[in-house]
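Data first, discussion second: the structure below is written as structure tokens.
A note on names: the letters A, B, ... follow the listed sequences, proteins ahead of strands, and every chain is numbered from 1. Reckoned from all heavy atoms, side chains included, excluding hydrogens, waters and symmetry mates.
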Amino acid sequence: MRYLPLNENDRAAMLDVVGVDTVDDLFVDVPEAARLDKLIDLPTHMTEAEVDARLTAMAGKSRAAGDGPFFMGAGAYRHHIPASVDHLIQRSEFLTAYTPYQPEISQGTLQVLFEFQTQVAMLTGMDVANASMYDGSTACGEAVLMACRVKRRKKCVLAPGLHPHYAAVTENLCQYLDIDLDIHAPAPGKDVDVLDGLDKDVAAIVVQSPNVFGEIIDLEPYAEAAHAVGALLIAVFTEPVAFGAIKSPGEMGADIVVGEGQAIGVGLNFGGPYVGLFACRQKLVRQMPGRVCGETVDAEGKRGYVLTLSTREQHIRREKATSNICTNSGLCTVAFSIHMTLLGEAGLRQLAAINHKKACILADKLTAINGVELVTETFFNEFTLRLSKPATGVVGDMVEAGVLGGLHASRLMDGHDDLLIVCATETNSEADMDAFADALKGALS
Amino acid sequence: MKYTEDHEWIQLAKDGDSDIATIGVSAHAAEQLGDVVYVELPEVGAEFDKGDDAAVVESVKAASEIYAPLGGGITAVNEAWEDAPETVNAAPETDGWFFKMKITDSGELDGMMDADAYKTFLDSDD
Amino acid sequence: MSMNTQGRQTTPDAITVSEHETVSGNKGLAQSEKLIFEIGTPRRSGVDFPKLKGTKSRLGHMARTGKIGLPGLSEPEAMRHYVRLSQKNYAIDMGVYPLGSCTMKHNPRLNEKMARLPGFADLHPLQPRGTVQGALELMDELSHWICTLTGMPVVALSPKAGAHGELCGMMAIRAALDAKGAAHKRRVLVPESAHGTNPATAVLCGFSIDSIPANDAGRVDMAALRAKLGDAKEKNDVAGIMLTNPNTCGLFENDIIEIAELIHGAQGYFYCDGANFNALVGRVRPGDLGIDAMHLNLHKTFSTPHGGGGPGSGPTVLSEALAPFAPVPYVEKHKDGWRLVENADDKSFGRTSGTSFGRMTAFHGQMGMFTRALAYMLSHGSDGLKQATEDAVLNANYVQASLSGEMSPAFGGICMHEALFSDEFLEGTGVETLDFAKAMIDEDYHPMTMYFPLVVKGAMLIEPTESESKAELDRFIDVMNSLAKRAKAGDAEFFKAAPIYAPLRRLDETKAARTPVLRWRQDI
């Protein structure tokens, strides 16, 4: 077997040193009733070429996003990732290292994390960020728990523009903790509803911008309303590229900012692995969940980095930890950070501008079709259309025409089957957009 | 000064009619902690029963709860922690106090160890 | 106060500089590297974009006006920056990485290639199901392998990492108890030696923790367990047990079947932490041990890369009793192909039919890790997976036997996939476990896991994995024995100064935690 260096001579010699006759003697502690006497009924080993052929054939049964016109967003975004990003994250030193527990021989990962944390803090307009969470949805759930810890209150309000899967993940995480979640049913144009009825029991309000329908929300009134009752504003995002074009949540008074970083550096991957971003105000840092990297010096006084504030974490606090999280999104943070470094502020702004322009052009093309109405007045690279026919069928018909033309909102929420959530990025050509318009026209006629 | 088996010390003083206890950790406990980096203190006014978690003291590798050794309300916390958490290592049984509380039942002090008894307790613990 | 007996020096002693200082700060291939904020500028970029005609903005009044400050680098500058940084990392591909409980095994590159096939990697999670049949088939096949290897009926693929899988299993237990109306069962038994994630997870499910001690052989103290369940029968408040097997001392819990029976007898559930499943694959099926839930770490047992701390993946197998409560989404095969059950309230079809405890992540889990894990399973096959398990256990026992002369095995006897030592052999030498570990760095080894499990003083947990050859292990053993002799010979200074040859000397963790500097700022 190509991954196993020991041969039979090695094994015999080693068993001898251990002082046993056969390898079975190493499993004597296993109760007899549970010892397997034959191979488990699964296929036996395959060559590399065989595995390659089998999985390549399986992959061929799907229609990749890049195989044709593609306009989906709603929490996952298809952007061009520079080739150097994937090359760099496949370097053994990044790929095959563990969590940087030995800082003397992990400065590569640690410095990237320090740079990543700074990039995330800058992008979101916040003071500090952690070294990532599993994804945007779990970051959202953890933010709600954090707000309840900070405020010693047990209630949070989730706005109707929050991605329904984020609300579901948050609800799941809170369900056994006696936390009261006021989850507003998803609907476009209704985020303002959460401003009513806030009281001193509320630990935080959770508002997404751009929201799941693509609307850009001015977070300032939400921050003011939250602060007026002594609560926090948790700002959520799913498309970080937007912050190259719109105001950051930090500028508008958010206390905690969480979101999905996948759009930068990480591919679609059918939903994972992704990279959850988590940033907050300095004064909240000791309540922040997850790993965090900090600057220090070594014994010679040279600058270096270590994982720090680990007393918040499960391996020390055990049942009193801020979270049970152990793993972060390690390599995805490296990918995010490299892509962000290649972009720089100038590149990010250009990328954002192109995304927005493409989306505007697309919106114009699609709303010119009979039976199509734009629901979201403001948007970044994603917008919602109201169709004259149920969107589920329309999406299916467009697949037949070779176009992945957005997401029917009813896949994410109850009702709203006339809504189609559409995204355009720099990867969409003019021809793609025309194909989309033709397919939509055909499906509606 | 009295000591508990949880390695905390208590210094009692009178403030008018009230019994005010100052609470910290023993030099032995401070040494075991390693370099202290952060202390999370209770809010003034908070009420605790004997044995409740009242504060957390963190070193790089560990976090330890400080229990309220007596029942009562917090009247003051040591503001020095904010800037100088190392005080607990430097002067655990003087400047390194954590909080003061107005105790409800000074009878709870009965049976606690004095310095000599605590020393004997430590020796027998090893 | 609660006592900390594992305290150790976290501020290094000052040392004098003896090496020759270069003008640049570099030393041959040991290059110093500044932060991107110090070498890049916001105007520079390594990405080109086309010019696009202007259109009317739809941003409303929300356009960003202020500076962001993000520095950029051209592509060659960026390549250098990250390649230089990478060279300050130790990695499995460089040498022995014997972190106990972490399973640093070889990461096959075929896995990387497969995970990047567009039919898996370039799929949007919400594409219509007809367009993602290949991906759903892969998830279904991975599920089949996992269920068959574990002997369990059902697996939830969506948990994003080991601790997330624990949460999945414990939530399923909580949901099952709630469904039975057993609101009084809120106490979870956790051995002292457990991973810290176990108690943290149980608390997230609204449970309280009751610690069970280990016996002298490093396993669950059965008398103590019976006593705890004894009062459970009166109050009957035990929700279940969380037990790692093999346990964190690297030992198989030989009473495990009886433990399962006792827990079930008390109407509780058995959560098994599967972090060490790599010691069992192909030789033992957890399903035969009576467990109700167990997570797998695909990044440990099934070779997906650790990536400097993630991403992980924590599929969680569930017993028939817990299966109805599995999280959404999950894949089901139907006559017309594979479908995804996505809605926890869905009563129309699917094994949960409205009983699912909920959703754990925005989408379907770590697809990229699923592909890698399946590529690994197919490559090994059922015969190769069994051989890998045996080699891992043999390697650990070989290391334990070969080091026992100089070092102090914590329990002795046969171990599973990892060998645990205490710091007894260092007693009186002035050298501590931490110093010993740092000296290993100078010998070009990553240190083993230290000070864990907590039940062993100055613990050193060595997990060589099946990926090490005998020749590599012999070199490692030779170095470890030589270091142990050197410590005992009284050369404490040597150990206290280590590491000397790493990119940095020991770092001041106290300073980092006292005054946290978590980001770069212009002024600092």
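Looking at Gln102(A), its side chain never comes within 3.5 Å of a backbone N or O of Ala437(C) through a donor-acceptor pair. A donor-acceptor pair is defined here as one N or O able to donate and one able to accept, closer than 3.5 Å; such a pair exists between the side chain of Lys357(A) and the backbone of Leu52(C). Proximity of a side-chain donor or acceptor of Ser469(C) to a complementary backbone N or O of Pro5(A) within less than 3.5 Å is not detected. Side-chain atoms of Glu295(A) never come within 3.5 Å of backbone atoms of Val517(C) as a donor-acceptor pair (strictly under, hydrogens ignored). Between the Arg91(A) side chain and the Ser86(C) main chain, no donor and acceptor come within less than 3.5 Å of each other. Judged by distance alone, with hydrogens and angles left aside, the side-chain atoms of Thr96(A) form no donor-acceptor pair with the main-chain N or O of Ala91(C) at under 3.5 Å. Using modelled atom types, one side-chain atom of Asp122(C) and one backbone atom of Gly66(A) make a donor-acceptor pair closer than 3.5 Å.
Contacts between Val334(A) and chain C at a heavy-atom distance below 4.5 Å are absent for every atom of the residue. Proximity to chain C (any heavy atom under 4.5 Å) is restricted, for Phe27(A), to the side chain, taken from C-beta onward. Proximity to chain C (any heavy atom under 4.5 Å) is restricted, for Pro82(A), to the side chain, taken from C-beta onward. Interface residue Ile354(A): backbone and side-chain heavy atoms are both found under 4.5 Å from chain C. Looking at Glu260(A), there are no atoms closer than 4.5 Å to chain C (heavy atoms on both sides), in backbone or side chain. Both the backbone and the side chain of Met72(A) have a heavy atom closer than 4.5 Å to some heavy atom of chain C. Using a 4.5 Å cut-off between heavy atoms, Cys293(A) touches chain C through its backbone atoms (N, CA, C, O) alone. With a 4.5 angstrom heavy-atom cutoff, Ser132(A) does not touch chain C via any of its atoms. Heavy atoms closer than 4.5 Å to chain C are found in both the backbone and the side chain of Val297(A).
Between Asp391(C) and Arg11(A) a salt bridge is recorded (basic side-chain N to carboxylate O distance below 4.0 Å). Remark: Asp127(A) does not engage Arg519(C) in a salt bridge, criterion side-chain N to carboxylate O under 4.0 Å.
Interface summary for chain C: among Ala34(A), Ala359(A), Gly294(A), the most heavy-atom pairs under 4.5 angstrom belong to Ala34(A). Chain C forms the most heavy-atom pairs under 4.5 Å with one residue out of Val17(A), Ile216(A), Val30(A), Val128(A), and that residue is Val30(A). Note: Gly304(A) leads Ala131(A), Gly304(A), Gly267(A) in heavy-atom pairs under 4.5 Å with chain C. Counting heavy-atom pairs closer than 4.5 Å to chain C, the top residue among Thr99(A), Ile246(A), Asp41(A), Thr378(A) is Ile246(A). Options Glu377(A), Lys302(A), Gln117(A), Gln90(A) differ in how many heavy-atom pairs under 4.5 Å they form with chain C, and the most are formed by Gln90(A). With chain C as partner, the option from Ser106(A), Ala168(A), Gly19(A) having the largest number of non-hydrogen pairs under 4.5 angstrom is Ser106(A). Taking chain A as the reference chain and counting heavy-atom pairs below 4.5 Å, the highest number among Met114(C), Gln133(C), Arg283(C) is found for Arg283(C). Contacts with chain A were tallied for Arg285(C), Met360(C), Arg174(C), Lys386(C); Arg174(C) has the most, counting heavy-atom pairs under 4.5 Å.
Residues Leu149(C) and Ile40(A) have side chains in contact (heavy-atom distance under 4.5 Å, counting atoms from C-beta outward).
Within the model, atoms CD of Gln87(C) and CZ of Phe94(A) stand 9.5 Å from one another, a figure rounded to the nearest 0.5 Å. Going from atom CG of Leu268(A) over to atom CG of Leu126(C) covers 10.0 Å, rounded to the nearest 0.5 Å.
Of all non-hydrogen atoms in Leu507(C) and Glu104(A), the two that sit nearest each other are CD1-N, 3.8 Å. Here the closest heavy-atom approach between residue Ala362(C) and residue Asp135(A) is recorded as N-OD2, 3.5 Å. Between Gln119(A) and Ile36(C), the shortest heavy-atom distance links the atoms NE2-CD1, 3.4 Å. Of all heavy-atom pairs spanning Lys88(C) and Gly108(A), the tightest one is CB-N, 3.6 Å. Across every non-hydrogen atom of Ile257(C) and Ala33(A), the tightest pair is CD1-CB, 4.2 Å. When all heavy atoms of Ser92(A) and Asp93(C) are compared, the pair lying nearest together is OG-OD2, 2.5 Å.
Applying side-chain contact (heavy atoms from CB on, under 4.5 Å) to Tyr82(C) and the options Gln111(A), Glu93(A), Glu115(A) leaves one that passes, Glu115(A).
Using a 3.5 Å distance cut-off with no hydrogens or angles, the side chains of Thr296(A) and Asp508(C) do not pair a donor with an acceptor.
Residue His45(A) qualifies as open at atom NE2: its count of foreign heavy atoms under 6.0 Å is 12 or below.
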Query - Stepwise salt bridge (Lys or Arg N to Asp or Glu O under 4.0 Å) check, Arg58(C) with Asp364(A) - result: CA-CA 11 Å; Arg58(C) 261 49 178 260; Asp364(A) 289 342; 3.0 Å; yes
Requested in this report: Would you sort out whether Met104(C) and Tyr98(A) count as a side-chain contact (heavy atoms from CB on, under 4.5 Å), showing the intermediate values?
Outcome: CA-CA 8 Å; Met104(C) 300 300 283; Tyr98(A) 194 70; 3.4 Å; yes
Requested in this report: For side-chain contact (heavy atoms from CB on, under 4.5 Å), just list the numbers for Val47(C) and Leu351(A), CA-CA rounded to whole Å, side-chain angles, deciding distance to a tenth of an Å, and then say yes or no.
Outcome: CA-CA 9 Å; Val47(C) 185; Leu351(A) 175 64; over 6 Å; no
Query raised in the report: Under the side-chain contact (heavy atoms from CB on, under 4.5 Å) criterion, do Phe114(A) and Trp520(C) qualify, and how do the steps go?
Result: CA-CA 8 Å; Phe114(A) 187 78; Trp520(C) 176 86; 4.0 Å; yes
**Report entry** Stepwise side-chain contact (heavy atoms from CB on, under 4.5 Å) test for Glu33(C) and Gln107(A)
**Finding:** CA-CA 10 Å; Glu33(C) 185 62 16; Gln107(A) 285 298 305; over 6 Å; no
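Between Phe363(C) and Tyr274(A), the ring planes lie perpendicular to each other; the angle is over 60°, past the 30° to 60° tilted range. Below 30°, between 30° and 60°, or above 60°: for His380(C) and Tyr3(A) the angle between ring planes is above 60°, a perpendicular geometry.
Partners of Arg2(A) according to the side chain to side chain donor-acceptor pair (under 3.5 Å) rule, which considers only residues two or more places apart in sequence or in another chain, are Ser379(C).
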